Amino acid sequence: MSPAENVGSEASTDRTPVTDCDVCVIGAGPAGALVASRLAEAGHEVVVLDAGPRFDPSDRLARQERAIRPFYDRPAVWDGDPERDAHSNDGERFYPLNHARVKGIGGSTLHWQGMVMRLHEADFNSQSERGIGVDWPINYEDLRPYYAAAERELGVAGGDNPFAPPRETPRPMPEFQPSYSDSLFAEACDELGIAMHSVPNARNSESYDGRSGCVGYGTCQPVCPSGAKYDATVHIERAEEAGATVIDRAVVGRLAHDAESITAAEYATPDGEYRQEAEGFVIAAGGVETPRLLLLSESEQYPDGLANSSGTVGKFFMDHLFAGTGGLLDEPTRQGHIGFLTSESHQFYDEADAEVGPFKLEFFNYAGPSPVESALTGDDWGDDLLERLRGEYGTHIGMGALVESIPGEDSSIGLDRDETDAHGNPVPEVHWTVDDRALRTIERANEIQERILNELGAEITWQVGPEDTGPAYHHMGTTRMGEDPTESVVDADCRTHDLDNCWIASSSVFPTGGAMNPTLTIAALALRCAESVDAALRGE
Amino acid sequence: MELSRRDAVAALGALGAGTATAGCLQGSPDGDGDDGGEEAAVRETLVAAAEVLYPSAVDGIDEFVGTFLAGRLDDGPHAAGVRDAVDALETRAEAWYDGNVAALSAEDRDSLLRETGAGAADPDPDGTPAERIRYYIVNELLLALYSSPTGGELVGIENPQGHAGGLDSYQRGPTA
Ligand SMILES: Cc1cc2nc3c(=O)[nH]c(=O)nc-3n(C[C@H](O)[C@H](O)[C@H](O)COP(=O)(O)OP(=O)(O)OC[C@H]3O[C@@H](n4cnc5c(N)ncnc54)[C@H](O)[C@@H]3O)c2cc1C
Ligand code: SF4
């Protein structure tokens, strides 16, 4: 273990391709890691290529120190590299892409918060149930067993939720008990007839799967030093135990192909450029790099990019939006002991229609500044500093909400041909827009938040509303799933319509996003996708 | 409020040094006398700095800082940065106040730290002397204090960020 500046020694590794590879998986986040572990366990020869490094697990505390020290910004906690991760922004709203992802073995789950809920039944049928967006080619019942499997794989702690879709068995671990501030909210919510319930967390409330229970470090986002929070290194290790080869710092820049199939992934490493051939390819590079890689792989056969006969690769880029309200109480609120949420309300979720979208309400356990972070930023010390910290800490209270957004196809990920990354490839161009229904939904969420905080007697001091809303870092929609090959990129099995040996495991396949954090659905789809790849490789 | 060895070990637990080494170096600089002398000097400067950086309500600074440093001063770039920053501070103390930091009155130490520019500087491990003093001395010591249970308690949070304080404290009310 070492302090913040000591991380990052580079081990020498063989990054050459593997012969007789059955499946090449591109991306070692949860989607790629789950697919790789399932397929390796099924006996296939699997290679995983990831653009980022393999992080040393013994550096976790050093990364936590980076998370607290003001010198390091969020991307630096996980060695974000501005050249490797270059991108441009030309939408009506700025999208902070490099705060919204991590490249490396484990992917963005190294940084994530770890809230994991199932989409609701109506989320799969947005057009027919709510009169907006499109229907998925699968429904909740199709995904239900995979959701249960995904909860076991990630290790989910959670309890009853009267608003959640039907489930067969309890989640694998009991829920985290409500916080003290939840109990303050509960009194106000009772008065207003708003039901609170537990939050499903991919975080161990007791030891699970060989990993420790949560010990309360409180820095979950962006780093959990104890391993209690799930991250995808869990499934990378499992894949490797089953014989998979995982190659880090391997940036896939192009997928070589003929008319019907991909033949090789061409990748650049610190030691040279290589080609990985395989029978099947699973692209799991996240909702931005997945469409970019398809667009970068354009050819005479596919002048608009690979798997893009529909013209929808990169289109319909969507994210959930944040709405929040907070303030001060005249009593202690005990914030900042843990870095995750213990209560939410999904009561208003299924009221969604074409005018107002689904949203969920969150009750914060970490409102207001963190004393230790604050201590490192002022120009005071000694008694003056302590007095300031005491003034800042203690009575903050806050609520968040996650809101569905269904933008049009102009919200997109494209290629910026004027700017290239460290490997000479055009960088992704983010053109992010937000639809009016989402803005109305934010207003609705703000109204309820204000009611609750007023009932609590709080002095409201901040609000994130339609004007200054931001993304929740969930990249969806850019290679959407559908039955019609002229309107979608992949079919219900996440296999591309155009190429018979190419699958996509990512929230990029979501046709609509609901308002639930996406990763449990990503995981469920990845497990389902692995079955489809397995069957194809067996010639079924 | 008394800072304990437990606080120092907790701070180390938060900040990335093996707690196994945290105990054994303290007070027993091993082998080479020069190294031992250098470590003792670094410790003396940092304890003196902590006496003005920490609030007056805190006792036990000497042992706390000593135990903490013993776990932080290995051979890596961080330890080298701390030593360089200490050198920079001592050089200024000699030049401006005719004495080493520990020999100065608390008031002069406070002025010295301010005059280096470390108060207003943004912390930067590779920056100007002021920025490095801010990073390796001021913030190093404040981080150790405020990520420890006793430091947190001074502010009202006995399980501060960075400290693995378990799952009870977040459920407890203020009077419990
Ligand atoms: C701050 C934050 C908080 C979050 N909180 C939550 C939450 O509470 N709940 C939730 O459900 N979700 C949350 N998310 C989102 C969650 O992290 C993602 O949904 C999830 O990680 C996506 O998984 P993935 O495998 O599709 O992509 P990623 O995890 O992003 O992994 C993609 C991998 O592909 C690699 N890659 C990219 N391009 C290439 C290339 N060309 N060649 C080779 N490899 C490549 C990358 O290096 C990366 O490792 C959060 C995200 C962030 C940033
Ligand atoms: S509070 Fe968060 S960071 Fe700390 S152990 Fe629990 S999950 Fe990990």
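Quick caveat: nothing in here was measured; it's all calculated off a predicted structure. All chains are named by letter (A, B, ...) in the order of the sequence lines, taking the proteins before the strands, and each is independently numbered beginning at 1.
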K.L.:
Using 0.5 Å steps for rounding, measure from the CD1 atom of Ile68(A) to the CG atom of Asn139(B).
P.N.:
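Ile68(A) CD1 to Asn139(B) CG: 11.5 Å, rounded to 0.5 Å.
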K.L.:
Of the backbone (N, CA, C, O) and the side chain (C-beta and beyond), which part of Val58(B) lies under 4.5 Å from a heavy atom of chain A, both, or neither?
P.N.:
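For Val58(B), no heavy atom lies under 4.5 Å from chain A.
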K.L.:
Below 4.5 Å from any heavy atom of chain A, which atoms of Asp124(B) appear? Answer side chain, backbone, both or neither.
P.N.:
both
K.L.:
Examine whether an atom of Leu113(B) lies under 4.5 Å from a heavy atom of chain A, and if so say whether it belongs to the side chain, the backbone or both; otherwise answer neither.
P.N.:
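When you check distances to chain A, atoms from both the backbone and side chain of Leu113(B) fall under 4.5 Å.
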K.L.:
At a heavy-atom separation under 4.5 Å, does Pro225(A) approach chain B through its side chain, its backbone, both, or neither?
P.N.:
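No part of Pro225(A) comes within 4.5 Å of chain B.
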K.L.:
Quick check for you: to the nearest 0.5 Å, what is the distance between Asp182(A) atom CG and Gln171(B) atom CD?
P.N.:
9.5 Å
K.L.:
Count the heavy-atom pairs under 4.5 Å between each of Ala121(B), Gly151(B), Gly162(B), Ala57(B) and chain A, then report the option with the highest count.
P.N.:
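Result: the option with the highest number of such pairs is Gly162(B).
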K.L.:
Between atom NE2 of His78(B) and atom CD of Glu65(A), what is the distance when rounded to the nearest 0.5 Å?
P.N.:
6.0 Å
K.L.:
Sort Arg134(B) into side chain, backbone, both or neither according to what part of it lies under 4.5 angstrom from a heavy atom of chain A.
P.N.:
side chain
K.L.:
Nearest 0.5 Å, please: how far is CZ in Phe176(A) from CG in Leu167(B)?
P.N.:
6.0 Å
K.L.:
So which of Glu373(A), Arg334(A), Arg390(A) has the largest heavy-atom pair count under 4.5 angstrom toward chain B?
P.N.:
Arg334(A)
K.L.:
Heavy-atom distances under 4.5 Å only: say whether Asp168(B) touches chain A with side chain, backbone, both or neither.
P.N.:
neither
K.L.:
Between Ser179(A), Gly218(A), Pro332(A), who has the most heavy-atom pairs with chain B when the cutoff is under 4.5 Å?
P.N.:
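Going by pairs under 4.5 Å, I would pick Ser179(A).
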K.L.:
Among the options Gly81(B), Gly152(B), Ser56(B), Ala50(B), pick out the one with the most heavy-atom pairs lying under 4.5 Å from chain A.
P.N.:
Ser56(B)
K.L.:
Please flag which part of Pro77(B) lies under 4.5 Å from any non-hydrogen atom of chain A: side chain, backbone, both or neither.
P.N.:
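The answer is both parts of Pro77(B).
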K.L.:
Would you compute the distance between atom CD1 of Ile157(B) and atom CG of Leu389(A) and round it to the nearest 0.5 angstrom?
P.N.:
11.0 Å
K.L.:
Please round to the nearest 0.5 Å and tell me the distance separating atom CD1 of Ile338(A) and atom CD of Gln161(B).
P.N.:
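Those atoms lie 12.0 Å apart.
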K.L.:
Pro125(B), Pro160(B), Gly127(B): which one forms the most heavy-atom pairs within less than 4.5 Å of chain A?
P.N.:
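Most heavy-atom pairs within the cutoff with chain A belong to Pro125(B).
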K.L.:
Treating Arg69(A) as the side-chain partner and Tyr135(B) as the backbone partner, does any N or O pair qualify as donor plus acceptor under 3.5 Å?
P.N.:
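Such a contact is found between Arg69(A) side chain and Tyr135(B) backbone.
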K.L.:
What residue, out of His163(B), Arg114(B), Glu51(B), has the most heavy-atom pairs lying under 4.5 Å from chain A?
P.N.:
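Highest number of heavy-atom pairs under 4.5 Å: Arg114(B).
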K.L.:
Quick check: are there more than 12 heavy atoms from other residues, nucleotides or ligands sitting under 6.0 Å from CD of Glu153(B)?
P.N.:
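More than 12 heavy atoms, drawn from other residues, nucleotides or ligands, come within 6.0 Å of this atom.
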K.L.:
Would you indicate whether the side-chain heavy atoms of Pro123(B) and Pro70(A) approach each other to under 4.5 Å?
P.N.:
yes
K.L.:
When only pairs under 4.5 Å are counted, which of Thr377(A), Leu376(A), Asp383(A), Leu386(A) shares the most heavy-atom pairs with chain B?
P.N.:
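Sorted descending by pairs with chain B, the first entry is Leu376(A).
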K.L.:
Given a strict heavy-atom distance threshold of 4.5 Å, which part of Glu158(B) is in contact with chain A: side chain, backbone, both, or neither?
P.N.:
both
K.L.:
Quick check on the interface: out of Gln64(A), Glu387(A), Gln335(A), who has the most heavy-atom pairs with chain B under 4.5 Å?
P.N.:
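If we count pairs closer than 4.5 Å to chain B, Gln64(A) comes out on top.
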K.L.:
Shorter than 4.5 Å, heavy atoms on both sides: which option in Tyr146(B), Tyr170(B), Tyr54(B) has the most such pairs with chain A?
P.N.:
Tyr170(B)
